[in-house]
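Accompanying notes for the structure given below.
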Amino acid sequence: MILEELNQAQREAATHGAGPMMILAGAGTGKTRVITTRIVQLIDSGLAKPSEILALTFTEKATSEMIERLDLMMPLGYEEIAVKTFHGFSERVLRERGHEIGLDPEFKILSKMEQWNFLRRNLFRFPLKYYRPLGNPAKYLSFFMQHFDRLKDEFIAPEEFLEYAEEKLKKFEDWGGNGDAHSLRSRVDDEKADYEEVVKQHEMALLYKHYQEAMALDGYMDFGDLVFYTLKLLETRPSVAREFSERFKFVMVDEFQDTNYVQTRLALVLARAHGNIVVVGDDDQSIYRWRGASLSNITQFLKVYPQARRVVLNENYRSRQEILDAAYQLIQFNNPNRLEVTSGLSKKLIAGRGFDGELPKAAVELRVFDSYLEEVGTIAQDVIFGVSKGGRKFSDYAILGRTNSHLKAYAEELMSQGVPFVMRSSDGVLQFDEVKDLIAVARVLTDPYDTIAMYRVLNIPAFGIDIQEVFLLLKEAKAKHLSLFEVLRVKKASSQGSLFDSTGGAMKVLEVFERLMEYAARHKPSSVLFKFLDLSGYVKFTLDHEGGDQRIDHINAFGKLVVEFEKGERKNSL
């Protein structure tokens, strides 16, 4: 019955038995359905037990969706099928057999925030010269983390990187000097710049080696380590590789176009003994190339398995034909670097069942505006008109933006028009004004001389301070060479000025912060920030104004970030 619901190409892919296969699955063509149906078919046909099947996915969301579908398709109480992300599978392997390469099976996986904290705490233990922090110790931490991740994605070990960097450094030994590019006055600027790059690379290689050693010593791993060490285990311990190949006789990989080098290599190693591997992907949907993923993964697979069966899924169940045609027209600009061109296979999508009937006149429309204000205003009005006159819901609409700055303009316009919305962004909550307010509060509490942060605090609407009074305070601070906080304390001591005629305004700001400074000495950061919200009346003021619920959601999300940060902190101070 399940097979009867599939189209011809889907059925061909789902009933494939042993041997390699590549499924080119266009957008909305039901690839998850095909993968889950094939798993059921392998079990029903007796080719594999549930425990002998491994499905590797790219995200936790894809894993959950696949497991939910299998739960509906399989009988109650069926044996577990290994549907895992690459990281989830790698963690399982390392906890089971990581001791074979000297790893502690009780390792702790650090989140990005915990990894950042670990680097910050250990930074001065590392051999740094060029990257030695002066005023801002955390300046390079994110850069280091990205660099380490990229090295692991390319399966480059610390020893290998250091050897490479040392060989390059030796080429400059005849220059003399002490490693300072600026001392090489006799060389042209290009040579100095080249030498500086080599020195930086050598220092990065040393840092990578020391970072990995420090992590291992403390029993820590980051997410990049998981797949890196799993591949190292399987490639250096043939008996372990054979064990896992025998355990998982059928391997499937979802979103294959977005796997990086180390993930691709891991999948191929797992299937090396039997060749029962199916990869599902579409080069036109690759979104992670900037993270090190390569479109050459698919061609690499075909080099390893030139005899692999190829199936193209091109019947789309998500969009009308006009949209598919427009998308196909645009993707042609990526030619000739597309599989459709190099392989001769047609990947043009066709609208499937359920999209017949009368189509709108303008399924795809291009508009050009003179300014972003006109753009966001027009789109907001279109949404409002569609809901009030067109019988639609606000949740029927989605606005996609290339950058967060573009989306912020829409968010401000929708909020001013009273349109409910949910904003999703890679920058998370840190971009919102209410969160920037709390960060400014934290800055003032840790450094009362931070006039920029104090200026933002004084402009928080909940305090109700007139902007002219804030400018007067700034003028006085500049004239007396004081910080804004010092000016407030001086004025309180002398009880002068209209600012202190009531309990509101700047007087309230000073009272709140004087209480908070004492409180912050004995409490963790999250408690301090929530204390500020209570003392200042920030929450009540926000809820009493339009868009307040959305702002409170952002504050709660930021609070969770702060709590997460505290978990990796030893001092736990603001």
- prompt: Between Tyr140 and Tyr131, what is the ring plane arrangement, given parallel below 30°, perpendicular above 60°, and tilted in between?
  reply: perpendicular

query: Taking 4.0 angstrom as the limit, do Asp194 and Lys168 come out as a salt bridge?
result: no

message: Would you say the ring centers of Phe86 and Phe58 fall short of 6.0 Å from each other?
response: no

message: Restricting to non-hydrogen atoms, name the atom on Ile465 and the atom on Ala506 that form the minimum distance, rounded to 0.1 Å.
response: CD1-N, 3.5 Å

- prompt: Should Glu203 and Lys200 count as an ion pair when the cut-off is N to O under 4.0 Å?
  reply: no

field: Partner residues of Ile467 under the side-chain contact (heavy atoms from CB on, under 4.5 Å) criterion, sequence neighbours left out
entry: Tyr455, Asn459, Val470, Phe471

- request: Output yes when Arg97 and Glu100 qualify as a salt bridge under the 4.0 Å nitrogen-oxygen rule, no when they do not.
  value: yes

query: Do Asp254 and Thr57 have side-chain atoms, one donor and one acceptor, less than 3.5 Å apart?
result: no

- request: Answer whether the closest heavy-atom distance between the side chains of Arg265 and Glu235 falls below 4.5 Å.
  value: yes

SB check Lys152 Asp222 (cutoff 4.0 Å): yes

message: Taking the six-membered ring for Trp, are Tyr410 and Phe421 closer than 6.0 Å centroid to centroid?
response: no

query: Any side-chain donor paired with an acceptor under 3.5 Å for Gln115 and Tyr211?
result: yes

message: Taking the ring centre of each residue, are Tyr449 and Phe485 less than 6.0 Å apart?
response: no

message: Before we go on, tell me: are the rings of Tyr220 and Phe118 under 6.0 Å apart, centre to centre?
response: yes

- prompt: More than 12 non-hydrogen atoms from neighbouring residues, nucleotides or ligands closer than 6.0 Å to CZ on Arg242, yes or no?
  reply: no

- request: With sequence neighbours left out, write down each residue that passes side chain to side chain donor-acceptor pair (under 3.5 Å) with Arg522, or none if nothing qualifies.
  value: none

message: Salt bridge check, Asp433 against Arg456: does any charged N sit closer than 4.0 Å to a carboxylate O?
response: yes

message: Centroid separation under 6.0 Å, is that true for the rings of Tyr261 and Phe155?
response: no

task: Test Phe148 against every option in Trp116, Phe223, Phe228, Tyr208 by the ring pair (Phe, Tyr, Trp, His ring centres under 6.0 Å) rule and name the one that passes.
output: Tyr208

Partner set under side-chain contact (heavy atoms from CB on, under 4.5 Å) for Leu373, not counting sequence neighbours: Ser371

query: Is the number of heavy atoms from other residues, nucleotides or ligands within 6.0 Å of CZ (Arg515) greater than 12?
result: no

